[in-house]
Amino acid sequence: MPEETLFEFERDMQTTEVAAYLRTVADHLDSGEEFTLESGGESVTLTPPGRVEFEVEVERETSKSGGSGEIEVEFELEWDEDATDGGDLTIE
């Protein structure tokens, strides 16, 4: 299935700033409220259903020059656009 990027944001931030953003998203997920991501002139409003697919992926990217590499952690939520509320999200 082809992908279309609806919103993208990337910048270096303090980990406390990242935690605040994630906490805000978590609060909206917990309350079942929609939320809007905005940056510059771009925005997207999301209304996740009560049950989503949750994926965590950790990758190590090694340097070709032999120097230190990078660690990448991705948290992904996925759901069908026409999904109905199928229950609660459980993370163990």
Side-chain angles (χ1 to χ4, degrees):
M1 181 183 310
E3 290 185 3
E4 173 189 1
T5 301
L6 301 176
F7 181 85
E8 187 170 359
F9 173 82
E10 182 176 336
R11 77 168 200 206
D12 287 335
M13 298 168 51
Q14 295 293 322
T15 54
T16 55
E17 292 176 287
V18 174
Y21 281 113
L22 293 174
R23 215 172 276 113
T24 300
V25 171
D27 289 344
H28 284 281
L29 289 172
D30 197 33
S31 69
E33 297 175 346
E34 71 178 24
F35 58 95
T36 301
L37 304 174
E38 294 182 45
S39 179
E42 293 183 64
S43 71
V44 63
T45 299
L46 302 170
T47 310
R51 186 167 191 84
V52 297
E53 182 178 320
F54 180 65
E55 178 182 338
V56 179
E57 184 175 347
V58 179
E59 298 176 344
R60 175 184 291 123
E61 189 174 308
T62 55
S63 170
K64 291 181 182 179
S65 65
S68 61
E70 288 185 352
I71 298 290
E72 179 178 320
V73 179
E74 295 179 5
F75 298 97
E76 185 174 302
L77 303 174
E78 188 174 318
W79 64 90
D80 290 333
E81 288 187 271
D82 59 354
T84 57
D85 190 356
D88 295 328
L89 173 65
T90 304
I91 303 173
E92 296 181 33

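Numbers here simply count residues along the sequence, with the first being 1. Basis for what follows: all heavy atoms, side chains included, without hydrogens, waters or symmetry-related copies. Bear in mind the structure is a predicted one, so any value in this text is a computation, not a measurement.
Glu72 is not listed as a side-chain neighbour of Glu70, based on a closest heavy-atom distance of 4.5 Å or more.
Counting only N and O atoms by type, the side chains of Glu38 and Ser43 include no donor and acceptor under 3.5 Å apart.
Residues Trp79 and Thr47 share a closest heavy-atom pair of NE1-O, 4.2 Å. Pairing each heavy atom of Ser63 with each of Ser68, the nearest pair is CB-O, 3.6 Å. When all heavy atoms of Glu42 and Leu6 are compared, the pair lying nearest together is OE1-O, 4.3 Å.
To the nearest 0.5 angstrom, Leu77 atom CG is 6.0 Å from Leu29 atom CG. With rounding to the nearest 0.5 Å, the separation of OG1 in Thr45 from CG in Leu37 is 8.0 Å.
The local environment of CD in Glu61 is sparse, with at most 12 non-hydrogen atoms from other residues, nucleotides or ligands closer than 6.0 Å.
Evaluation of the side-chain hydrogen bond (donor to acceptor under 3.5 Å, both in side chains) test over residues 11-28, restricted to residues two or more places apart or in two chains, returns Arg11-Glu17, His28-Glu33.
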